[in-house]
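Just below is one structure, and these are the notes that go with it.
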Amino acid sequence: METGVDIQALEAWMDQQGLGSGGVQHVERLVGGTQNILLSFTRAGREYVLRRPPIVLRRNSNETMRREARVLMALAGTEVPHPRVIASCSDEAVLGAAFYLMEPVSGYNPAQGLPEKFAASPELRHEMGLSLIDGLTALGRLDHVALGLSDLGRSENYLERQVARWSAQLAGYEDTPEWDGLADLVGVKRIGEWLEAHRPKSYQSGLIHGDFHLANMMFEPDAPRLAAIVDWELTTIGDPLLDLGWLMATWPESADDFGAGAVGITPWSGFPTPEELVARYGAGSDRDVSAMEWYGVLACYKLGIIQEGTYARACAGKVPMSVGEHLHERTIWLLQRALQWIS
């Protein structure tokens, strides 16, 4: 089995860290929602999960992995459900990239299928959705300064910088001559103008996950409770309400209409409505949720432009075209959703 990891080098590093002895056993490549490598294994009877960037590194892959490990270690002891880091390695020479080891999460990803107990109960699915929001409000209540994460991002003028940041990102795709997607992105300029005109006047800065949707969640196997928020690659300091907006942007409209950009689960009936999600968040937070539509529109705009970058790379032959076309379709759907909201 091709693991993408030099097992002997891993064993030697673990020896130096005092993490067991003997050989690494029961190695299994896990399927995740990103291109990063996830590997489960045991050593001296203890279970581990290793996370590292893909073999073909992107420009910021190692820095992103170090950042992710740092945030997860800072979350230790908080109320935010997250994977527990055992040890991290910032030295790229060990495995060819930065990596970290974490404890396995006992649970399942609902986007990969619901256990029978939850598939049979709309009531349990409703509680799952509310538990998801409770985890998000716990994240929004954290003091990032007290956690030592004040330098993780620039909080000043965070909302003011968003449209300029992502419109510039979109314009940069035109440097890829093979990219032909702009004509399909109907209304993207109008959405940017609406966001600028309706931007909230103020916000409370805090830690944000950056990619908060159902495919990045693990739930407990026997109860409708959130077990862990995973994939912290986009975490930064900003306005935590954008995480709720991100969830709204990717939340199915109904049990019959998931849409190309939604993270759908079957069966869907029973999950809370977007209005219920916002109400639950407002009840557990002192943040003003009256402008949540704006954050949902921003999430559609930002996520769509990020995904369009993969399509641009696919047009240039750097990513499989099937992946690029799928994300291009999702971007079009997200922009259409944003246009419906602002209309």
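- Remark: side-chain polar atoms of Thr137 are paired, donor with acceptor, to backbone N or O of Asp134 under 3.5 angstrom.
- By the 4.5 Å heavy-atom criterion applied to side chains, Glu308 and Trp179 are counted as neighbours.
- By the neighbour-count criterion of 12 heavy atoms within 6.0 Å, atom CD of Glu276 is densely surrounded, having more than that number from other residues, nucleotides or ligands.
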Under 3.5 Å, side-chain donor or acceptor atoms of residues 100-114 against the rest of the protein: list the pairs with distances, not counting sequence neighbours.
{"from": "Tyr100", "atom 1": "OH", "to": "Arg51", "atom 2": "NE", "distance (Å)": "3.4"}
{"from": "Tyr100", "atom 1": "OH", "to": "Glu68", "atom 2": "OE2", "distance (Å)": "2.6"}
{"from": "Asn109", "atom 1": "OD1", "to": "Ala111", "atom 2": "N", "distance (Å)": "2.8"}
{"from": "Asn109", "atom 1": "ND2", "to": "Ala215", "atom 2": "O", "distance (Å)": "2.6"}

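- Side-chain contact check for Leu30 versus Glu28: some heavy-atom pair is nearer than 4.5 Å.
- For the pair Tyr301 and Val188, the tightest heavy-atom approach, listed with the atom from each and the gap, is CE1-O, 3.5 Å.
- Leu142 has its side chain within reach of Thr78: a pair of non-hydrogen atoms, C-beta onward, lies under 4.5 Å apart.
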What side-chain donor-acceptor pairs closer than 3.5 Å can you find for residues 4-13, not counting sequence neighbours?
{"from": "Asp6", "atom 1": "OD1", "to": "Gln8", "atom 2": "N", "distance (Å)": "3.2"}
{"from": "Asp6", "atom 1": "OD1", "to": "Ala9", "atom 2": "N", "distance (Å)": "3.1"}
{"from": "Glu11", "atom 1": "OE2", "to": "Val24", "atom 2": "N", "distance (Å)": "2.7"}

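- A donor-acceptor pair under 3.5 Å links the side-chain atoms of Asp143 to the main chain of Ala146, judged by distance alone.
- Leu214 has its side chain within reach of Leu132: a pair of non-hydrogen atoms, C-beta onward, lies under 4.5 Å apart.
- Summarising the geometry of Ala314 relative to Met321, their closest heavy-atom pair is O-CE, 3.5 Å, with the distance given to 0.1 Å.
- Under the rule for a side chain to side chain donor-acceptor pair (under 3.5 Å), the partners of Ser290 that lie at least two apart in sequence or sit in another chain are Asp288.
- For the pair Ser131 (side chain) and Glu127 (backbone), a donor-acceptor distance under 3.5 Å is absent.
- For the pair Leu75/Leu207, a side-chain contact is recorded, criterion being any heavy-atom separation below 4.5 Å from C-beta on.
- Ser285 contributes no side-chain N or O that, together with a main-chain N or O of Tyr281, makes up a donor-acceptor pair within less than 3.5 Å.
- Side-chain contact, Asp180 with Tyr311: a donor N or O sits under 3.5 Å from an acceptor N or O.
- In this structure Phe41 satisfies the ring-ring contact (aromatic ring centres under 6.0 Å, His included) test together with Tyr48, sequence neighbours excluded.
- Side-chain atoms of His82 and Arg84 include a donor-acceptor pair closer than 3.5 Å.
- In this structure, the side chains of Val230 and Pro83 come closer than 4.5 Å at one or more pairs of heavy atoms.
- Using a cutoff of 4.0 Å between basic side-chain nitrogens and carboxylate oxygens, Glu275 and Arg280 are not scored as salt-bridged.
- Ring centroid separation for the pair Trp341 and Trp194 does not come in under the 6.0 Å cut-off.
- No donor-acceptor distance shorter than 3.5 angstrom exists from the side chain of Arg52 to the backbone of Ala97, with no hydrogens or angles considered.
- The shortest distance between side-chain heavy atoms of Leu185 and Leu170 falls below 4.5 Å.
- Proximity of a side-chain donor or acceptor of Arg125 to a complementary backbone N or O of Phe118 within less than 3.5 Å is detected.
- Put simply, the side chain of Pro200 reaches to within 4.5 Å of the side chain of Trp294, judged on heavy atoms.
- A salt bridge links Glu79 with Arg141; the closest basic N to acidic carboxylate O contact falls under 4.0 Å.
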Which side-chain N or O atoms in residues 234-248 pair as donor and acceptor under 3.5 Å with protein atoms at least two apart or in another chain?
{"from": "Thr235", "atom 1": "OG1", "to": "Ile208", "atom 2": "O", "distance (Å)": "2.9"}
{"from": "Thr236", "atom 1": "OG1", "to": "Arg67", "atom 2": "NH2", "distance (Å)": "3.4"}
{"from": "Asp239", "atom 1": "OD1", "to": "Leu241", "atom 2": "N", "distance (Å)": "3.0"}
{"from": "Asp239", "atom 1": "OD2", "to": "Tyr295", "atom 2": "OH", "distance (Å)": "2.5"}
{"from": "Asp243", "atom 1": "OD1", "to": "His209", "atom 2": "N", "distance (Å)": "3.4"}
{"from": "Asp243", "atom 1": "OD1", "to": "Gly210", "atom 2": "N", "distance (Å)": "3.0"}
{"from": "Asp243", "atom 1": "OD2", "to": "His209", "atom 2": "N", "distance (Å)": "2.8"}
{"from": "Trp246", "atom 1": "NE1", "to": "Asp211", "atom 2": "OD1", "distance (Å)": "3.0"}

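- Glu196 meets the side chain to side chain donor-acceptor pair (under 3.5 Å) test with Arg199; sequence neighbours excluded.
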From CA spacing to verdict: side chain to side chain donor-acceptor pair (under 3.5 Å), Gln162, Trp166 | CA-CA 6 Å; Gln162 292 303 300; Trp166 297 107; 3.2 Å; yes
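- Between the side chain of Ser61 and the backbone N or O of Arg58 there is at least one donor-acceptor pair closer than 3.5 Å.
- Arg330 places no side-chain N or O within 3.5 Å of a backbone atom of Leu303 that could act as its donor or acceptor partner.
- Residues Val94 and Cys89 come closest through the heavy atom pair CG2-SG, 3.7 Å.
- A salt bridge is defined here as a Lys NZ or Arg NE, NH1 or NH2 lying under 4.0 Å from an Asp or Glu carboxylate O, and Glu63 with Arg66 meets this definition.
- A donor-acceptor pair under 3.5 Å is formed between the side chain of Arg43 and the backbone N or O of Gly22.
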